[in-house]
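This chain uses plain numbering: 1 for the first residue, then up along the sequence.
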Amino acid sequence: MRFSSNVKQFVLLIIVGIFLLLGYMVFNHFNERQNMVWFDTSKIHIPVDEDQRNTRLLYKQPSVLVGRTDVVAVTPWLAPIVWEGTFDPDLVDIIYKSMNLTIATTVFAVGKYVRFLQDFLETAEKHFMVDFNVRYYVFTDRPDDVPSVNLSQGRHLSVIQVPGSNRWQEISARRMEIIQTAIERQISREADYIFCLDVDSKFHARWGAESLGRLVAVIHPWFYQQTRDHFTSERRPASTAYIPMDEGDYYYAGAVFGGSVEDVYTLTKVCRNQLEEDARNSIEAAWQEESHLNRYLLYNKPSKLLSPEYQWDDKKTKTNEVKVIRFSSIVKNYAEIRPNE
């Protein structure tokens, strides 16, 4: 068989190219090996703070056999449920305080609800994230009525004016929109974590870093002993907050939710969009933003759940499994403080 000169040249070029490629691969491999030899692991230095060298972590040894047996402390998707006796507060503080975190705390004091602000802030200064950097964001239509409260070092208060309303349901429904906007404009630059709390509440005992997580919800005190068919979820399919009767993990209280600023931003944005879609369709979910919060958390599982210790109701008798009440909704006359009750 005879080949033209052009074909011979083409074949020769292919052979030369293959040899060049093999030479490059061998050289590169040899160079990497040389780099591995030249890398001196004895030069690696991991800096350790001098205070940490002398720190002794003194706490009770954990056990996998001894602990709370009267409550469930983990969800089916392996998120912790925080109860008294399931964490070591001293150890938790050692871990988180070294991170120099800032925790944002939003609260709405609209209309007559401004009267609850002083007790909220004063009890928070005693019990909420003590020795952490905290920034309170107070949303109110009465900025002149915001009380002056002595704040500890590293704690600050910002007052953000918002419109009032003749319907408490509208104030409730706009909460997600206002928090989302505040995160965009200010909070995202000033905090690492955020909790969104109800102002008509008081702190009674430690609320610390054990509550921090990517996405955090609190189990409602009136429904933690109930089956899902008793939850007050939105049951109308026309609403974007709809949850079928045979679905639902826990019923979450709208009075408390939180997490990383980024994750809470996503939550508020989604809930706001769903609230606005319902409004365009002339639908108002059974419990406004709480209904949408439960819908969101059903399909976006929280990374940590807080037990009802973190959102009790003063109208409810304390139960045996609740060893300490950390934060609770106070008894009040809704007909007197709500504009259209």
Could you walk me through whether Val107 and Phe120 satisfy the side chain to side chain contact (heavy atoms under 4.5 Å, CB included) test, starting with their C-alpha distance in whole Å, then the side-chain angles of each, then the deciding distance to 0.1 Å, before giving a yes or no? CA-CA 9 Å; Val107 63; Phe120 175 92; 4.2 Å; yes
We want to know whether Glu210 and Tyr310 form a side-chain donor-acceptor pair, criterion being a heavy-atom distance below 3.5 angstrom. yes
When you check the side-chain N and O atoms of Asp198 and Ser201, is any donor under 3.5 Å from an acceptor? no
Under 3.5 Å side-chain donor-acceptor pair for Gln274 and Tyr296: no
Does NZ or CZ of Lys323 fall inside the cone over Trp83's six-membered ring, less than 6.0 Å from its centre and within 45° of the axis? no
Inspect the contact between Arg326 and Glu84 and indicate whether a charged nitrogen and a carboxylate oxygen are less than 4.0 angstrom apart. yes
Does Lys304, at its NZ atom, have more than 12 non-hydrogen atoms belonging to other residues, nucleotides or ligands within less than 6.0 Å? yes
State, without any angle test, whether His204 and Thr123 hold a side-chain donor-acceptor pair at a distance under 3.5 Å. no
Aromatic plane relationship, Phe128 with Tyr136 - under 30° parallel, 30 to 60° tilted, over 60° perpendicular: tilted
Can you tell me if Asp141 uses its side chain to pair, donor with acceptor, with the backbone of Gly111 under 3.5 Å? yes
Measure the acute angle between the ring planes of Phe231 and Tyr251, then classify it against the limits of 30° and 60° as parallel, tilted or perpendicular. tilted
Do Asn294 and Ser233 meet the criterion of a side-chain donor-acceptor pair at a distance under 3.5 Å? no
Note: Lys301-Asp249 ion pair, threshold 4.0 Å (strictly below): yes
Please walk me through it: do Leu275 and Glu177 pass side chain to side chain contact (heavy atoms under 4.5 Å, CB included)? CA-CA 9 Å; Leu275 282 155; Glu177 171 198 346; over 6 Å; no
For side chain to side chain contact (heavy atoms under 4.5 Å, CB included), just list the numbers for Tyr137 and Glu190, CA-CA rounded to whole Å, side-chain angles, deciding distance to a tenth of an Å, and then say yes or no. CA-CA 11 Å; Tyr137 299 87; Glu190 298 178 343; 2.6 Å; yes
Exercise: do Ser239 and Asp278 side chains pair donor with acceptor under 3.5 Å: yes
Does either side chain, that of Glu321 or that of Gln225, offer a donor lying less than 3.5 Å from an acceptor on the other one? yes
Taking it one step at a time, do Tyr96 and Leu101 satisfy side chain to side chain contact (heavy atoms under 4.5 Å, CB included)? CA-CA 8 Å; Tyr96 283 94; Leu101 300 171; 3.9 Å; yes
Check for me whether the distance between the ring centres of Trp207 and Phe327 falls short of 6.0 Å. yes
In terms of side-chain heavy atoms, does Gln311 have a donor or acceptor partner in Ser329 at a distance below 3.5 Å? no
Taking NZ in Lys126 as the centre, count heavy atoms belonging to other residues, nucleotides or ligands within less than 6.0 Å. Is the count above 12? no
Using a strict cut-off of less than 4.0 Å between a Lys/Arg side-chain nitrogen and an Asp/Glu carboxylate oxygen, indicate whether Arg206 and Asp93 qualify as a salt bridge. yes
Might you confirm whether atom CG of Asp246 has over 12 heavy atoms from other residues, nucleotides or ligands at distances under 6.0 Å? yes
How long is the span from the CG atom in Asp192 to the CG atom in Leu212, to the nearest 0.5 Å? 9.5 Å
With a sphere of 6.0 Å drawn around CG of Asn320, does it hold more than 12 non-hydrogen atoms of other residues, nucleotides or ligands? no
Interatomic spacing from CZ in Arg236 to CD1 in Ile283 - rounded to 0.5 Å: 6.5 Å
Pairwise side-chain contact, Asp200 with Tyr113, heavy-atom cut-off 4.5 Å (strictly under): yes
What distance separates Asn100 CG from Thr102 OG1, expressed to the nearest 0.5 Å? 6.5 Å
Find out whether Ile194 and Tyr265 are in side-chain contact, i.e. whether some heavy atom of one side chain is under 4.5 Å from a heavy atom of the other. no
Close side-chain approach of Ile81 to Ile219, heavy-atom, < 4.5 Å: yes
Donor-acceptor pair, distance only, cut-off 3.5 Å: does the side chain of Arg135 make one with the backbone of Arg155? no
Kindly compute the distance separating NZ (Lys332) from NZ (Lys112), expressed to the nearest 0.5 Å. 15.0 Å
